[in-house]
Amino acid sequence: MSAPAASPKFTPRRFRTKLLVAMMLVVSASVALALYLAQRSAAASAEQELERAFQGELTALHHAQEVRHAALVERCRALVGKPRIHAALEDGALDLLYPSAKDELRDVMEPADAAGDTAGLHAEFYRFLDHLGAVIVPPGSRDVGFLRPEEEAQLDLHGLSAQPQLGYLERKLPDGRETVSEVIAMPIVSSETGEVIAAIALGFRPAALGGLRLDSGIKRGLWLGGRLHAPGLAPAELIGLSAEVTRQLAADNGAGTRFGREIDGVPHLFFYKRLNPGSVFPPAYEVCVYPLTELRARQRQLRWQILGAGVLLLLGGLAASHFLSGRLSGPVEKLAVDSAENLAQRARAEAALEHTSEELQRAARFSADASHQLKTPVTVMRAGLEELLTRENLTVEECREISALIHQTYRLTGVIEDLLLLSRMDAGRLKLVLAPVNLAGLIEAALDDLSAMPDAPNFEVETDFPDALSIAGE
C-alpha cells in the first residue's frame, strides 16, 4: 500500500490568525470608506454653509450699493435742474457755466472729511459735457477737482444719451497715489425743447474701494482696464489675481461668475459682477475676495473629530474581530483535532495492514516454495513404494502396509496441490473454469481422508458402495 500525498501543514492557530487578519482588513477597509464618505459629506456641508453666508453678505453689500447708487442718481438729477446751470447752457454763455456751477455745487464738492461722508456721496470732481459729449474744459481745477488731461479725455462720451451713464475712471492724484473714481454722467434736458443739450459728469469715491464695509472678512476691489484695484491685497497678489480675473472674463464673455484660488496657501472664493451694464463707459467689474480660513479650520476640526471617531470604531471592530474569530475558529479547531486523531488511527491501521500483507506474502511464498520442494520427494517415494510392491516374496501383511504407504503419498500429493492452489489464489493467478464435476472421486477422497483419521469410525462400504459410486458418477 502507498502512503497518501503530503498535504500543506495546517494548524488551528494559523487558521485563526488568518481569519483574524481577514476580518481586520475588512473592518479597516469599511471604517476607512465610512471615514472618507463622512469627511467628504461634512466638508461639503461646511462649504455649502459658508457659501450661503458668503452669498448673504454679498446680497447685503449689493443692496447697500444699489441704495447708494440710487441716492447718487437723485442727487445728480437735482443738480442738473439748477436754473443758473440751465440758463448758462441754453444761452450759450459757457464762460459763466463753471462760475455759476461753483455756487450751485458747493455742498456737493464739500470735502468728505469736513462733511463726515462715510458712504462716498460727496463728489471728488465734476465736468460739463457739450451737446456732442465732449468735455468742456474748466478755467481751473481748484473748485472742480483735479484731473489730468488724459483723464479728462476719458470722460468724452462721443454722443449724449437720455439715460444716466455709469463709469469708472482710473486717476492719479497730485501726491502720486493711484485711485479709481465712480463717474455718473447725468444728461441735462432743455426746458424749452426737451432735448438733451449737455451733461454733467461727477466723480465719486467708489463703494468697492472704500465705505460700505462689513465685518465679514470680504475684501472688495474693482477691475478696470485689465487691472484690479483692491487696497486689501498685496501687489504680488493683485498681479496674479488680475490675470486670473481677465482670463475668467474672456472665458465667460463678462457674465457674473465665481472661481476659487489659493493665496499664500489659504483658499479664497472670488465673485465678480459688472457694475455698469449697458453703459458707454468701459466695462468695470466689482470683485469680492472671501477667504475660506474659517472653512479650512472647520474642515480641520471635523477631520480630527471624524478621525477620532474612526479610531474608536476601528478599535471596537478589531476587538469584535478578535472575539468573532475565536468563536468561529472553535469548530474548526475541534475538527482539526478530530482529523489529527483520525489520521493517527489511519496510520496505525495502514501499518497493521502493511504488516499483515507482508506476512501473507511471506506465507504464500513459503507455501509455493514448500509445495515445489515436497512434490519431487513424494513422487520419488511413491515410485519406490510401487516398485517395492511388485516383488514376489512379500507377504500379504507387507503388501497391505506398502499399499497404505502408497495411498498416503497420494494424500500428500493432494495436500501439495492444495498448497499450490492457495498460493496461486494469493498471487491472483487463479482462473475459475466452470465444468461438470464427477462427485464419485470427491466422495471417495473424502471418505478416504476420514478413514485415515486415528479415531475415525469404521465404515462398511463393501456391499452397496460400488453401486452408489456408479450412480453418483452418472
K.L.:
In Å, rounded to the nearest 0.5 Å, how long is the span from OG of S181 to CG of L173?
P.N.:
7.5 Å
K.L.:
Within a strict 4.5 Å, meaning less than it, do heavy atoms of the M186 and L202 side chains meet?
P.N.:
no
K.L.:
If we ignore hydrogens and angles and just use 3.5 Å, is the side chain of Q154 paired with the main-chain N or O of P282 as donor and acceptor?
P.N.:
no
K.L.:
Is there a donor-acceptor contact under 3.5 Å linking the side chains of E178 and H229?
P.N.:
no
K.L.:
Taking atom CD of E387 as the centre, does the number of heavy atoms from other residues, nucleotides or ligands within less than 6.0 Å exceed 12?
P.N.:
no
K.L.:
I'd like to know if the side chain of Q165 and the backbone of V280 have a donor-acceptor N/O pair within less than 3.5 Å.
P.N.:
yes
K.L.:
Got a second to check how far M381's CE is from L388's CG, nearest 0.5 Å?
P.N.:
12.5 Å
K.L.:
What are the two closest heavy atoms between T246 and W223, and how far apart are they?
P.N.:
OG1-NE1, 3.4 Å
K.L.:
What's the verdict on side chain to side chain contact (heavy atoms under 4.5 Å, CB included) for E386 and R382, showing C-alpha distance, side-chain angles and the deciding distance?
P.N.:
CA-CA 6 Å; E386 288 177 353; R382 184 170 57 248; 3.6 Å; yes
K.L.:
OH/Y285 to CG/L222 distance, rounded to the nearest 0.5 angstrom?
P.N.:
11.5 Å
K.L.:
Is the count of non-hydrogen atoms from other residues, nucleotides or ligands lying under 6.0 Å from R148 atom CZ greater than 12?
P.N.:
yes
K.L.:
Between E398 and R391, is there a salt bridge with N-O shorter than 4.0 Å?
P.N.:
no
K.L.:
Given side chain to side chain contact (heavy atoms under 4.5 Å, CB included), test F125 with L155 step by step and report yes or no.
P.N.:
CA-CA 12 Å; F125 64 88; L155 297 177; 4.1 Å; yes
K.L.:
Tell me if a side-chain donor or acceptor on N276 pairs with a main-chain N or O of L166 at a distance below 3.5 Å.
P.N.:
yes
K.L.:
Within the structure provided, determine whether L405 and E401 are in side-chain contact (heavy-atom separation under 4.5 Å).
P.N.:
no
